[in-house]
Structure formats: structure tokens, C-alpha cells
Amino acid sequence: MIAGRGRQRIRPPRRGLHGDEVDFENTWVTIEAAFREIHTKNASRLSYEELYRHAYRIVLKKKGEQLYKNVHDFEKGWLSREVRGDIQQLLSPNLLAHAQSVASTTANERRVSGEKFLKGLKQAWGDHQVCMSMLADVLMYMDRVYCQDHRRPSIYTTAMVLFRDEILKSPLSATEERIILGLLNHVILEQIQMERDGDVIDKHLIKSCVHMLDGLHADDLESEDQRLYHVSFEKEYLDTSRDFYRAESELMLRESDAGAYCKRAKKRIHEEEDRCRATLMESTSSKIREVVEAELIQGRIRELVEMDSGVHFMIDNDRLEELNLIYDLNARVDERKSEVTRSIQKRIMELGTEINNEALAASQAPAPAPPLNTDGGDKSKQAQEKNVNLQTVAAIKWVEDVLGLKDKFDRIWRQSFESDSLLDTAMFNSFRDFINSTAFPRSSENISLFIDENMKKGIKGKTEMEIDQVLDKAITLIKYVQDKDLFERYYKKHLCRRLIMNKSVSNEVEKQMIEKMKQELGPSFTSKLDAMFKDMSISADLTSGYKRHVEGLGDRDPKRIDLSISVLTKMTWPMESINGSGESQEGNRPKCNFPPAVEKVRRGFEQYYAEKHSGRELTWLPNMGTADIKAVFPKVPQKDGTFKERRHELNVSTYAMVVLLLFNELPADECLTFEEIQAQTNIPKNDLVRNLQSLAVAPRTRVLLKEPMSKEVKPTDKFYFNEGFKGNFVKIKVGVVSSGNKVESDQQRKETEKKNDDERNFVIEAAVVRIMKQRKELPHQKLVLETISQLASQFKPEVTMIKKRIESLIEREYLERIEGAAVDSYRYLA
Amino acid sequence: MAETKKKVAPSIGTIARQGGVVVVEVGPEHVRYEVHKTLLVHHSGYFRGALSESWREAEDFKAVIEDVEPTTFNVFLSWLYTGKTPTDDGEWIHVAEANIPGDDGSSGAKLVEVMALQAIAFGDRSLTPSFQEAVRNHFVDIHCNRAPPQYTSVIYAYTNMAKDNPILDLHAEKQAWYWNDDDDNEEERSLRPELPNNFLVRVMQKFAALRGARELEYEPPLDRSKYYFHPRKGQDKGDSTGADREEKHG
């Protein structure tokens, strides 16, 4: 059109296709016809370019609004006339029947007509989406230019809203008030209920409808929380589920046991999870879980735990799987798992108290009634002896029972409680509570006796690993003990006897035990025990050193006495057990008169020791020692008629050796009375009685003869050397009665506790002074609390005890009361 | 359009490996092009629509766009494959494969100006925002100069572009600032009758805006006598229609 100047011929821009104006009405007729084709699925030969160009030009010429409105009206008309009619065709009478009258139709009929409805709706929705996405493609220029400039929702969005309004929110029929959406919810819920009752339903179909609801919003702003799925369906789903599970829970509580209930509840929870994944939306998962848990667990867990078939029953019958289920349920609604925890703790206390009571009953079982007098004293003593043995057995049985209980609950904890740390603590507390129960004061002693038993016999023939297990069990128990100081006292006492009397199967294992204690209870707990071992190893060095020293003195004396010595540090070792219980204190123990040959050795060693360690005083404890003696008995007739001299090696206590050596210097037919022996040896009366019993009463080791022959040793008894002694072995051990570690008598226990309390007084005072020295001033309450916390690893002091110690410290002017302080307070006096 | 900007354009390697070309026939003569579908679909909303779903274009692997010049499509394709638009007139003519009979440099520039407008319009029509941005910014850079617009360009823009396209304002503003009556050569003068009314109105508005401040300072020096009736010598009083018309015109 533009005529070029001169030679130039520039091709002008074409104008034919871009007419100045656009004939909207005619263009729309073309577009509408094409849209109709699309909706009736005849679109395959439509030209995109043509439709796009039409829409483009309309918008370019600023007629976008008109186009938008026409498309909207077209869609609205299509949906309300064509699609709605199709949907209404699907509404069969039994689908429309109200819930109350469903009895007239079978579940199957309802399922089929429901599915038909869902399928139709799904189809209509799918078609609508496909068509609208094609329309949106063609109208892309309108969306991008007109809709964006004028802030209109895209035509696709508008069409989705139309589907909601024209289809989902339309009434079921001209005469019905109910709308399609309500029916849809109802049908889906009904199908889900059918599945809960065991039917198979078409999950994919439902999921498609759910997606539709999720894609549509109740408002026109498309806000996230206004999705139809959320505001319309989900709420109803949660409500009906709540009703269903409430009823089911009531029924199950009436009809099943706790285990079955738990199984069912867990299955229901998983079913709902699966349902949200496969049929509904994942976003509902947590909400429905809350509903199910609230109805099946929350209000029921206590009842469930306490049922006859509840936790108590499960524990007693090792129903580990059921315990796991009930634990799991409890954990779902309560992170502290209070109900299960409470029930477990209760059961542990019950079973633990049972074990305690059994042990008490066994130890208090009256000894078989001693015959009244005659030579009775003796018999009653024997019975007492027997009784002590029984009690020791009962003590060890107590430990084994506790360990058994611990094993049982450990297994439950691992297999049923998923090694839950809260329950671990709770169970630990319950064990600690019954083990430290005031009604059962023997735990410390029993545990120590248990270790003693194992150290002396139990671990014989066991592998390293088995021994380790035994030690670990012991450690487990020690950890429960609150009065660690009392345990230490018993352990030292028992260890002392094992070490000095050489009763341990293995010194290595003893040291392992100490090592474990060090790890678990800290080095301060084991420091004194360590020192005992140190003494023993120094003593071994002394023994061998002294032996070399003696050998170096000159020619070997055939009558030389070998010495094996244990030098014990006084502060380290439990003197009360060394001195013999309930007897004279160490200070006024009479010095035993050793025979000259022995006395020589003693002096020799004292000299040797003084050279090594000047300024140390040695006190001899003959009551703790043993001696090997070679004894020769005169010829006696043998079975074959010959005469033979008999030699025996006797292993006896040091006291017994001292007594026997007296008879070396006595003519064969002469005797010594008890009083004579006591006068010559200066052996304490009790010890002498015990030793003479071993030598003159016990049938197998009757090296002496007593007159009169009775079991009781009386001061007037006479003793002869038993020339006719017969022994079956060359080596004979003359045991002294009651040398092993046995359970304490009540009297002894009282003493031990008193000593322990005395020591506690010192420990408490030390702690109070330590605290006050650092703090200078402190209110009473705080001081008490700090003292308790400082001592927690050793024992749990009673408040009255602390109070008394504070009083005493004030009296001795370590502390003073602060006058006029608002609360009782103390000041440290340097 | 946000969605195209989010995605990184496919690399040439990817495009070549994927292959897949569609035929695009352009202009009234249906000039045939084969273009990689990946690229078209990535950059252009129009082609994304046309080549999806069950449209005839998608089925035939062929799109026909009659109302676009092959020269425009050439520039578009060059950008599509290289990401670049021509930087000067010579390159533009080369890339567009425009046919210029003769060697007058100024006519080439005029042609390129119209072609650039066509490219902007195509970018809009095909919903290819990156291309549109490139050519429009180029156009603005070149044409924000001290010269009035050429009328061919004005007529094209006002006929083929949306009324709210800023290019239309650019033309009007340039006309208001820089146009002088004697600048128009014969060719331009011949186009004056075709100037779109909308253009002229906008120029008037711009002109009024330019004058705006001065108006307040002093009375406009209007000379009434110039407009009074002056009877011509030897003429009848009755013959006054010409003067009336003139007055109305003012």
C-alpha cells in the first residue's frame, strides 16, 4: 500500500488480516461452535491457530471482557443444561433413600448404585477438566493479557468454580433440598463404612472424587484451608468416624480381653492410615489418627491396663507381644506412657515385696525346736549353726530371685517396650524402692554374700564370659543399693575373710569385680578395697623377701618353720571381723603365748620388718592364722597284722597349733585341763573352746581326747593326746567352726548398723563442714539439701541425723547460728 | 510469563539429541520451516498450546500462521536458536532476509523499524515474553532519539498493536517533541491522510502537556484582527461562507 519513492519498493506491512476492527459477533459464533465440538468430543480436527487467532484479535482490540463473559456464560449453560442432567440420571431411588430407610436395600445394592453415581461424577469432572484445559489453551492470550491486566481469575479457574456451583451445589432434583455434594459425601462415607465392615470397595474411584473435592474450594479466593475436601468432606468423615470408633470401643471393651482389644485398635489405626493413603488424602492421616486414638485409647487406656487381662496378667503370663501392643497404644496418646508405667511399677513392687517377704520368712523360720535342756545347750548351738546356714542360703536365694525378676523385666523392656528410656528409669526406681525398702534391711548384706558365694564356689568351672555375666549381675544390684556405705562395710568384711583365709577361687576375678565397681560407683568407693589388695601383694613380697633373708642366714635348719605373713594396715581392714565378732576389742585382746619355736620366728620377722619399715608396730592376730603341722602317731596294728607308724600333715588354726604343741612336751598318758591350757596359752576363752571342739569333738579330726566325752567343752574337761587317731588321708584339715562368711544374726546386724551409723555421723559432719567452709553462710534448708546431694552416692542420710550433726558442730563451735536471720541460717567459724 | 522464566532453556545439545521438528508455515505464501518442537514449546505459550492436546496442529506436526511475515519469523527463529537479536540495521536485514531493492541506507533503516515493530507484535501474539523483551528493548534503545517517527511505522503500530502498548505513546511523544512541518518529505506527506486518528489525538494531548506550564505565565498572543471579517475588495457581503468556515476551523 505504501508507494515507495524512486526505486525503492519496500513491502508494506500487511493489513488485510489485521483489519482495523473485529467483527465480534461473527467471530464468537465461530468460537462457540468450536467449543461445542470440544465438549462433545469432536475436536480432533479443529485448528488451534484459527481459534487462537480469533481470541487473540478480540483481546487485542480490547474486547477481552466481552469474550470472557461469553465463555463464562457458555460454560455455565453447558454445565447446567447438559452435565447436570446426566448426573441426575444416575440418582437411583435406593441411592436417594435416606439413611434411616436403608434397611429396605441390601448393602450390595447400595454399593453398586453408589459406585455408579461416583463413576458418573468422576466422568463428568474428568471431561470438564479436559475440555477446559483445551479451552484455556485456545484462550491463552486472553488469560495472559486480559485476565492478568484486569485481575480476573483464569478462565480455567472460573470454569472449575462453575462446576462447583452448577453441579456439586445443585439440588438432586427440582423437589429435593439436598445437593449433589452432600450426596457425594454421604456415598463416600457409606463406602468407607462398608470397607470397615470387611467389604471390598473401589478405592481408585473414591480417590478420584476426593481429588475433585481437593481441587475445588468453598470460596472464590482459593485459599488453602477452604478446599471442599477439607471443609465439606473431611469434617463429616472425622465426625462419623468418631461415632463409629466410640461405639466399637465400647463393644470391644465388653466383649474382648485387653490383648485382643489392643490388636484390634492397632489394626484400626493402620487401616485408617492406609485409607488416607489409598482412598482419601494424606493430609487427613494425622487428623483421623487423633480421632481413632482419642476414641480407642485416650479414654480407655486406664481401663485397658487394669483389666483382668491387662498388664498384670500379661506380665505374669509373658505376653510380650500384647505388652508391646499396649505400650504402643499408650505411647500414642501419652508420651510419658503413664498408665503402663504405673502398672509396671506396681507389679514390680508387688513381686519384689513378695521376694523380700519370702526371704524374711525363710530367715525367721524358727530353728527346729531344740530339746529342752538335758545336754541341750550343745544341740541348740548346732541347730543355731544349721539355722545360720539356712539363712545364708536364703540370702543368696533372695539375690537370685531379684536377678530373676530383673531378667524378666529386662526382657519385657527390650522386647515389649522398645527399650524405652522413661520406662527404664521407672523400672529402675521400682527395683530400687523394694530393694531399699525399710521393711527389708538386708539387701546390702545379701548382695555381698552373693558375691562371696560366687567368689568362693560359684565361679568354679565357669568361662570368662559367664564369670563376667555374674559380676555384671552383681554390679546391677549394687547400683540399686542406696546405702552404699553399708554395702561397702559388708563387702569389706567378706572380702577380708576371703583374702586372708585364701578362700577366693581367683584373685583375678576379685580384682575384676573391684574394677567394675570402680567404673560404676567411682574410685572413692573402691579406694579402701584397693588398699586391701595392695596389702596382700605387699605381704606376698614380704613373705618371699623374708624367706630369702632366712636362707641367707646360714645352713638350712631341718626344724625351721616356714612363715607366710599377711601385714594388714589397721585403718584399711575391718577390725571387727578380724577380732572376732562380739568379743573383746582389739585393744585389750590378751597376747597369746607362742611356743618358743614359733616365738623365735615371730621375733625374727619383727626384726626383719623393722629394718624395712621403721616405726611401725606389728600386732599379731593368731586368731586369723593357720599352720601346717607334721604329726607322727605311734605304731598301731594294721589290718594285715603288721604295725605301722602313721604320719599326717595337719592343717590347723594358729591357736590349735599352739595347743597341740603343748602336748609335744607331755608324756603320752598325761593330760591337761581346759584351764591349764588356757593359762599356758592365754588364748581367749571363746576361741579356745571353738578350737578344742575341732580337735577333740569333731569325729574326723579328733587329734585329742576329751574327758568326759561330750560335745560341750567345759573348763573342767581334761585333754589327752589321741595316740589311736585314725585318719583316711595324709593331709587333714582341721576346720574351726564358723569360719566362713555367713549371714549375720540380728544382734550382729544391729551392731553393724550401729557402727555404720557412727561412721555416717563422721561422714555427715565432714560434708557439712566442707560445704560451710566453702559457702561461709547458708540457710538451714539449703545446707541439708546440699549435704544430702553430696552424700547421695554413698547413702541417703536421714534429715534428723543431719540436724543432730549440725547441733553438735555448733556445740563444738565449728558453726554458729546467725541471729535474726529471716530463716534459720548458719555461719562457718574458721 | 513466569513459568517460562523459571525453567532454564534447553541446551543446543539437548535439542539436537531430542530431535523432533514440526513444520511451521508462515505468511500468505506458506513459507515452510522445520523447527525443533522442544524450543518452540519451551519459549512460546502459543506453540505450547498448539502442539498439545488433540489439536490439528499437534496431530499433523504442522502449524500455519498466515498473518505473520517470513522476515519476522526469521528474526524470531534466529533468536530462538541463538538467544540473540540483530544489533544493527545491516544485521537485521541480513537475519530477516529482507529484500531491499536498491542501496539507499535510509530506506533500509525505515524498513528495519517496521520489521522491529512486527517482531514485537509477534512476540506478543506468540506469547514469547523473552523474545518480546529483547526486541522491544532494542527498539526503544534505537528509537528514543531526537527525530519524529516515520509514518509507516506509526500506521503499523496503531493498526496492529494493542492500544495500551507503550510503543504507541513513544510515537506520539516523539511526534510532539521533534516534528516540524517541513521535515516531511513527499512520501511522508502522501501518508498524512492515512495517519490514524488515535495517533493524532495523542499528539495533541502530548503537545498540550508540553505547553502546559508556559500557559500560566502570559496571555497567549492571539491576534483577533487576524480572524475578524475583512470583506474582500469587489465582493458582495452576501458571499461570506468561506470566512465562516475559516473561523470555525480555528
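The chains referred to below are lettered A, B, ... by the order of the sequence lines, with proteins before strands, and numbering in each begins at 1.
To the nearest 0.5 Å, atom CD of residue E49(A) and atom CZ of residue R56(B) are 10.0 Å apart. For the atom pair S44(B) OG and M140(A) CE, the distance stands at 8.0 Å (nearest 0.5 Å).
For K206(B), the NZ atom is densely surrounded, since the number of other residues' heavy atoms within 6.0 Å is greater than 12. Residue-environment remark: CZ (F61(B)) stays at or below the threshold of 12 foreign heavy atoms within 6.0 Å. Counting non-hydrogen atoms of neighbouring residues, nucleotides and ligands closer than 6.0 angstrom, the NE2 atom of H30(B) exceeds 12 such neighbours. More than 12 heavy atoms of other residues, nucleotides or ligands lie within 6.0 Å of NZ in K62(A), so this atom counts as buried by the packing criterion. Counted within 6.0 Å of NZ on K76(A), heavy atoms from surrounding residues, nucleotides or ligands total 12 or fewer; the atom is thus considered open.
For Y56(A) and Y46(B), the gap between ring centers reaches or exceeds 6.0 Å.
Using a 4.5 Å cut-off on side-chain heavy atoms (C-beta onward), D149(A) and D164(B) make contact. Side-chain contact between I65(B) and Y52(A) is absent, with no heavy-atom pair separated by less than 4.5 Å.
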Chi angles and distances behind the salt bridge (charged side-chain N to carboxylate O under 4.0 Å, His left out) call for D67(B), R57(A):
CA-CA 11 Å; D67(B) 59 350; R57(A) 289 183 55 208; over 6 Å; no
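Under 4.0 Å is where a charged nitrogen must lie from a carboxylate oxygen, and between R48(B) and D137(A) no such pair does. By the 4.0 Å N-to-carboxylate-O rule, R144(A) lies too far from D124(B) to be salt-bridged with it.
For M161(B), the part lying under 4.5 angstrom from a heavy atom of chain A is the backbone only.
Among all heavy-atom pairs drawn from L46(A) and W55(B), the shortest one is O-CE3, 3.8 Å.
Qualifying side chain to side chain donor-acceptor pair (under 3.5 Å) partners for Y156(A), counting only residues two or more places apart in sequence or in other chains: none.
Residue pairs meeting the salt bridge (Lys or Arg N to Asp or Glu O under 4.0 Å) criterion with at least one member in residues 26-36 of chain A, sequence neighbours excluded: E32(A)-R36(A).
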